[in-house]
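All remarks here apply to the structure that follows.
The basis for the numbers below is simple: all heavy atoms, side chains too, and nothing from hydrogens, waters or symmetry mates. Below, chains carry the letters A, B, ... as their sequence lines are ordered, and counting in each starts from 1.
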Amino acid sequence: MTLLASLDWHFIREHIPEFARALKRTLEVAGIGIAGASAIGVVLGAVRAHRIPVLSQLAAVYVEVIRNTPILVQIFLLAYGLPQLPGHHIILQPFTVGWLSVTIWGGAFNTENFRAGFEAVPGRFREAGRALGFGRLGTFLNVTLPIGGRIALPSSINTYISVLKNTSLLTAVGYAELTNTGYSLESVTFKAPEIFFVLGATYLVVVWTLSILIRLLESRLALPEAR
Amino acid sequence: MPLPVGTLPSWVGPVAHYMAHDGVPETLRIAAFAVTGSMIVGIVLGTLLTIRFLPLRSLIRLYIEIWRGLPIVITIFIVFYALPSAPLIHHRFSPFTGAALGLVLWGSAQVAEATRGAVQSIPREQHEAASALGFGWVGRHGSVILPQALRRLLPPLVGLLVNVLQNTTIASIIGVTELLATGQRSTERLAYSSGDSHALAIYGALMGAFFAISFPLTRLAIFLERRLV
Amino acid sequence: MRRIAVVTLVVALAAGALAGWGSAAHRGGASPTAGAVAPKPKPKVTKPKLPPLPSAIRRRKKFEIGVKCDFPPFGFIDVRGNNDGYDVQTARRFAQLAFGSKKKVDLVCVTTPSRIPTLTSSRVDIIISTLTWTSARADVIDFSIPYYSATGRLLVPNSSSIHNVSDLGGKTIVTTRGALYATWTRNCFKSSKLLEVDSPSAAVLAVKNGQADTFMFDDAFLLGVATQDPTLKLTRDKFLNIPWGIGIRKGDTATARWVNAAIRYMKKRDEFVKILRSNAPARLVGDFLDNVPRPKSNFQYPVGKDPVSDCSSR
């Protein structure tokens, strides 16, 4: 408790609006990243699970490259490498680099999550779907996706939480999310304990809340056998 | 336009030499420190987590949830920038030590969780058999439970190595001159002296280097998982 | 058989990790070598009469100095991977004055946010890292007497509508994290948007890519950029002319005494001009002769006033 008492609370109160704005930007980028990662995960996970030729191999390459390289290097590649693409000179704003990099990163991990989920759907369910007259796509949409998606829920939750945490690395490309704002403030005021206490507490509250909320959701959505 | 291998552009040699000579050893140093520290602290905490003593379990659980919940860059900032001013702890760390300790805090939380899982996956019969043979708690864990649990820990430990190696890049943010930082310095030097930073090539090469190390290790982890469990 | 293989693998990994850790601790800690060793016999060259070196540095027989590695022409990495620049050459001259050789110094890369913690953690003895005097920094560390004096300038694209600081309202200003220009912008340009990046190079890119309207920074770096890039130019105004100092731990009077004496020694013999000439393109040297300490110059820190809060120069 003495640790808390020694902080300059006046300073903290003074800067709450600034931190709140920065948190909003963190959540915006994380939100887009989570949505994008879900979409990529479902589509490419299905491609991989159904072993669609060519696309499945390409997806595998995407997944392995992203999962086996540091996300910070991926961010730099988007921010500083793309402008040098011969002929195309793609220049992205920090916000764009932000949501794009976390979406690409999250999508790769999520592809594996959903692939495992879809492959874990018992064969008899899919056969039942076919017996009911669904085609391949119909079976997927009405049987594999709902059931496999729920199986994949725990691992995809972890990926989404990691996406949120990884937005902190966007400091490196100047996007004014929470970590960047705190870091810049510390560089001029030197009030590191106050600033990083606020940052740490904020991230923990958001991450833990998300964690609990989604586990509640998970228990409600769990398959009857799993309950 | 096809280039024979022998005629790489002139900027490549010095950059490659600088990155390999200065960046790679620093990355490996951070990784070695972080992996060792994470293993030692994590295995101890993870084993303690299996003891049925609520206060201890809660404390360790809090430790794990904090260091797994915080982004690693924030943990490193806390260790390097904030800790020196905290009462009691007044110690200041160099950037290298600050980054490495931050990685240990995160890594040990991961290992603790994995160790708990590994220890608890050892069937009750092993505990009972060991007790029947006259082992006490320490002997039981030291001679029977932990050796089996450690074997089950091998795949996650290899996974930890991969993650630590990739996360050493975060140390560049507080000024440690590891591999990513040497790449950044090279792009800056090239941009200032010749107008062309060659960022695409340099960061692309970094992706390749990390992939070349991580991919085989990931495959090893999967292989170990299949063979040992 | 399999158990033996597993155990061997684990032991090998642990041994490798411990070896790496051992060498890491050795490099990362930088503790002075134990035991006092008799000082080297002085070389025949007339040594300058400087105060005694602090004992830790004397025992270690070399300096540990923090320098920039991303800020030409003061601290950067050259094509051979070696440190070079005005700050770096000053550091090497210190090593020569103290130990007779320019090699007796370990140069540690620092960034603007990390340089002060790197100094206060004793990882380095002093920092020669483009450190402008501000009262906030002077609260945390001690400054040597000035060794350079920079002026703020604005870098803009040729087609920019910004002609001087009064045009900055509503525009996006980019600068490096923790630079005094960041504080000045926050204090005096509240209608402008501030973008902070981690290296001067990234800031130049931000201007070229249109993410920022102008890069507010020190003249020495900006002039080098503008000379080399025909699409960029500097506006005419100059502002925030504040000297740079060498960062010293608070209360470390032994080091401060030595450093100040060394700077005075170099200043008297006009050595800073020599260092400037070897780091600035010949045609630009004339622009910077007033920035370096010369025998007759007298740079002062604006103690008592805080220029970054002074908005009257807008």
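Residue contact with chain A, scored on non-hydrogen atoms closer than 4.5 Å, involves the backbone and the side chain of B/Ile170 alike. Only the side chain of B/Ser172 comes within less than 4.5 Å of a heavy atom in chain A; its backbone stays farther off. Contacts of B/Ile66 with chain A are made by both backbone and side-chain atoms, with heavy-atom separations under 4.5 Å.
At a threshold of 4.5 Å between non-hydrogen side-chain atoms, the residues B/Ser197 and A/Tyr80 do not count as touching. With a 4.5 Å cut-off on side-chain heavy atoms, B/Asp196 and A/Gln84 count as touching. Side-chain atoms of B/Tyr81 and A/Ile195, non-hydrogen and from C-beta on, never get closer than 4.5 Å to each other. Between B/Thr187 and A/Phe76 there is no side-chain heavy-atom pair separated by less than 4.5 Å. Side-chain atoms of A/Leu199 and B/Ile78, non-hydrogen and from C-beta on, never get closer than 4.5 Å to each other. When side chains are defined from C-beta on, B/Leu200 does not count as touching A/Leu82, because their heavy atoms never get closer than 4.5 Å.
A distance of 14.0 Å separates OH in B/Tyr203 from CD in A/Gln74, rounded to the nearest 0.5 Å. To the nearest 0.5 Å, the span separating CZ on B/Phe211 from CG on A/Asn68 amounts to 5.5 Å.
When B/Leu206, B/Thr169, B/Leu180 are each tested for a side-chain contact (heavy atoms from CB on, under 4.5 Å) with A/Pro70, only one passes: B/Thr169.
Annotation for A/His89: atom NE2 counts as buried by contact number, over 12 foreign heavy atoms lying within 6.0 Å.
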